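To start, the structure itself, in structure tokens.
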Amino acid sequence: MRTSLFPLNTVKETPSEAEIISHQLMIRAGLIRKLASGLYTWLPLGLRVLRKVERIVRSEMEKAGGLEVLMPGLQPAELWQETGRWEQYGAELARLKDRHDRDFCLGPTHEEIITDLARHEIKSYKQLPITYFQIQTKFRDEIRPRFGVMRSREFIMKDAYSFHLTEESLHNTYEIMYATYTAIFTHFGLKFRAVIADSGSIGGAVSHEFHVLADSGEDAIAFSTQSSYAANVEKAEALMPKQSRPAATQTMTLIDTPNQHSIDEVCEFLSISATQCVKTLIVKGAEEGELVALLLRGDHELNEIKVEKIASIAVPLQFASDDEIQRACGCKAGSIGALGLTISIIADRSVSVMADFVCGANQDGKHYQGVNWERDLPLPTHIADLRTVVEGDESPDGEGTLTIARGIEVGHIFQLGTKYSEAMKAGVINEGGKNQIMIMGCYGIGISRVVAAAIEQNHDSKGIIWSPNLAPFQVAICPMNMHKSERLREATENLYQELLNAGIEVLFDDRKVRAGFMFSDMDLIGIPHLLVMGDKGLDSGTVEYKARTANESEDIAMTDILEFIKAKLR
RNA sequence: CGGAGCGUGGCGCAGCUUGGUAGCGCACUUGUCUGGGGGACAAGGGGUCGUAGGUUCAAAUCCUAUCGUUCCGACCA
């Protein structure tokens, strides 16, 4: 392709609306343009990348035995009413009426549609298992679309659905999909992690999320340094510390801590570390009017998801008001402590092994120092995992310690069970001649989000750095002042044709622009390999080669250039 | 849904407080020079100032409404 026929639409200025790097670069590099909030047009360059993502996904899904279908984006309300999601889904489901006043929605996902298809098309257990997939536009009326195509209202997704007679069959396909996803993300050339999405409530639905690792990712992921364990930070279990509680060495003393409320302030004031403090949070209990005290180590963070799973705590989690704290503890929020509380107490596991700690005294402006369990107050009977894991915690599977990285969720695989097939009566005739409800799995990949995530993970100050399999073009040819040298034009045209004939995706910059302008454009749009042609090179029979990620270029003999590039692309 | 900000050539913005000739940078067109990391100079084209009302001799500027958009929060996972 020639730039004279393929406008690059790059821009120098960073658009003010783009908050994250990938969004900025996608606009600057001319991949997308915004039409309205959460709606984007893919320009030719961006579409090439999008298609590459699709191609890899499609090819691997087919290898895994998936059958491609294409379902409508516009969906009748009746199917959604059958599963109850017409009511449940909320405003995110874009609803509309047709000219006959019938209800429809723009599909945010296709469980209902595929289940309807399956109940009509699959009659016998002999046709199972079967996996359908499609690559198609989804619509979710996000309250607040942001970050460009990262969270847009309209986006492209690969969604797949499998149907089974038995749980074993579902597990088998789930394993195949896990392997397929691993292959897909490996082909993308991205650093990724499969993350346990539901922390193994036994017998419950198994689910994995696939995250592309990037510092700017929205989700924090905890993964083991030694095993394949990986989980969303909020869901990773914080184990009971292995080391037992040290013996008490200090006597308990009441000390004045005027106007020291937060853990940071108290630590600063007393010159101690936050790990020596116990913070006490008062939340509402499940019973009306009841309060519960939660004890955490000063440097740890309360994990709302975990706390809400405790039966005696109100859902959703609510903190006590200042008045309620005053009544229950006799002090303001900054001075609460475990000593002498009459309300029930739940201690985090790590709190239970603390000794000589500092906590509030339930008197304004006072704390206790040198507090010890069982000597100064009884160890709470209710000890639970209340906190979010931190870097260095033991891995929940017992192997290694946890490292924390940030990730962007780009895929999920999920064992659905019979939620939809039951509601929609999607059954087959089994071996015994009886009707049996099918078991389902579903598997999604955010195609458009992958493009943004790839940029988020791989870029530098000059622009995008595409991995080889996602790059819109493999090679860029930039001739220097071609308009002034007929022999250079000839040589460049010849090289261009040679590369094209070899099946290489090459972008020939035949614009009459200055060298720096070309280089900046090619760096911005992230072409992996750059060939620079000039009269000087012609004299010495060489072409300059520079990788996108390299700082220096090298001269390659003109006669070797095709083989050289082919080797680079292998 | 609550709060806040912003709508001025294609893009990014100034002008608005204190009403009186529509401005800048980038991009675009033409020419000359330049020619290896987003060049210089010159000339040029392009704007009913989001929309609708109102106040005024006069509104981009003040007032009201409305639409769009962005950010924060809530909601949703």
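In this text, all values refer to a predicted model and were calculated from it rather than measured experimentally. Below, read A as the first sequence line, B as the second, and so on, with proteins coming before strands; counting in each chain starts at 1.
A distance of about 42 Å separates the P atoms of U48(B) and A74(B), rounded to the whole Å. Across C62(B) and U17(B), the matching P atoms stand 5 Å from one another, rounded to whole Å. Comparing the same atom, P, in C63(B) and in C26(B) gives a spacing of 34 Å after rounding to whole Å. Rounded to whole Å, the C1' atom of U8(B) lies 10 Å from the corresponding atom of G23(B).
Figure legend. G46(B) is base-paired to no nucleotide; pairs are counted as Watson-Crick or G-U wobble with both atom distances under 3.5 Å. Applying the Watson-Crick and G-U wobble criteria (two distances, each under 3.5 Å), G37(B) pairs with nothing in any strand. Pairing partner, G12(B): C24(B), with both Watson-Crick or wobble hydrogen-bond distances short of 3.5 Å. The partner of C6(B) is G68(B), by the rule that a Watson-Crick or G-U pair needs both atom distances under 3.5 Å. Pairing for G53(B) is with C63(B), a Watson-Crick or G-U wobble pair whose two hydrogen-bonding atom distances lie under 3.5 Å.
Listed by chain and number, the residues in a ring-ring contact (aromatic ring centres under 6.0 Å, His included) with Y40(A) are H23(A) (sequence neighbours excluded). For F104(A), there are no ring-ring contact (aromatic ring centres under 6.0 Å, His included) partners at least two apart in sequence or on another chain. A search for ring-ring contact (aromatic ring centres under 6.0 Å, His included) contacts involving Y89(A) returns W80(A), not counting sequence neighbours. Remark: Y174(A) engages H208(A) in a side chain to side chain donor-acceptor pair (under 3.5 Å) (not counting sequence neighbours). Residues that satisfy the side-chain contact (heavy atoms from CB on, under 4.5 Å) test with A118(A), not counting sequence neighbours, are I122(A), F163(A), M438(A). Here K568(A) pairs with H529(A), Y545(A), F564(A) under the side-chain contact (heavy atoms from CB on, under 4.5 Å) rule; sequence neighbours left out. Judged as a ring-ring contact (aromatic ring centres under 6.0 Å, His included), and not counting sequence neighbours, the contacts of Y181(A) are F210(A).
Taking 4.0 Å as the cutoff to heavy atoms of chain A, we find the contact window on RNA chain B bounded by G12(B) to C75(B).
Scanning residues 513-526 of chain A for heavy-atom distances under 4.0 Å to RNA chain B yields R514(A), A515(A), G516(A), F517(A), F519(A), S520(A), D521(A), D523(A), L524(A).
Among the protein residues, H412(A) comes within range of no part of the nucleic acid, since none of its heavy atoms lies under 4.0 Å from any strand. Contact annotation for K546(A): base contact, defined as any heavy-atom pair under 4.0 Å involving a base atom. Contacts of R33(A) with the nucleic acid, taken as non-hydrogen atoms under 4.0 Å apart, are absent. Nucleic acid contact for E19(A): sugar-phosphate only, since backbone atoms but no base atoms lie under 4.0 Å from a heavy atom of the residue.
For E154(A) and T137(A), the side-chain atoms include no donor-acceptor pair closer than 3.5 Å.
Within 6.0 Å of atom CD in Q88(A), more than 12 heavy atoms from other residues, nucleotides or ligands are found, so the atom counts as buried in its surroundings.
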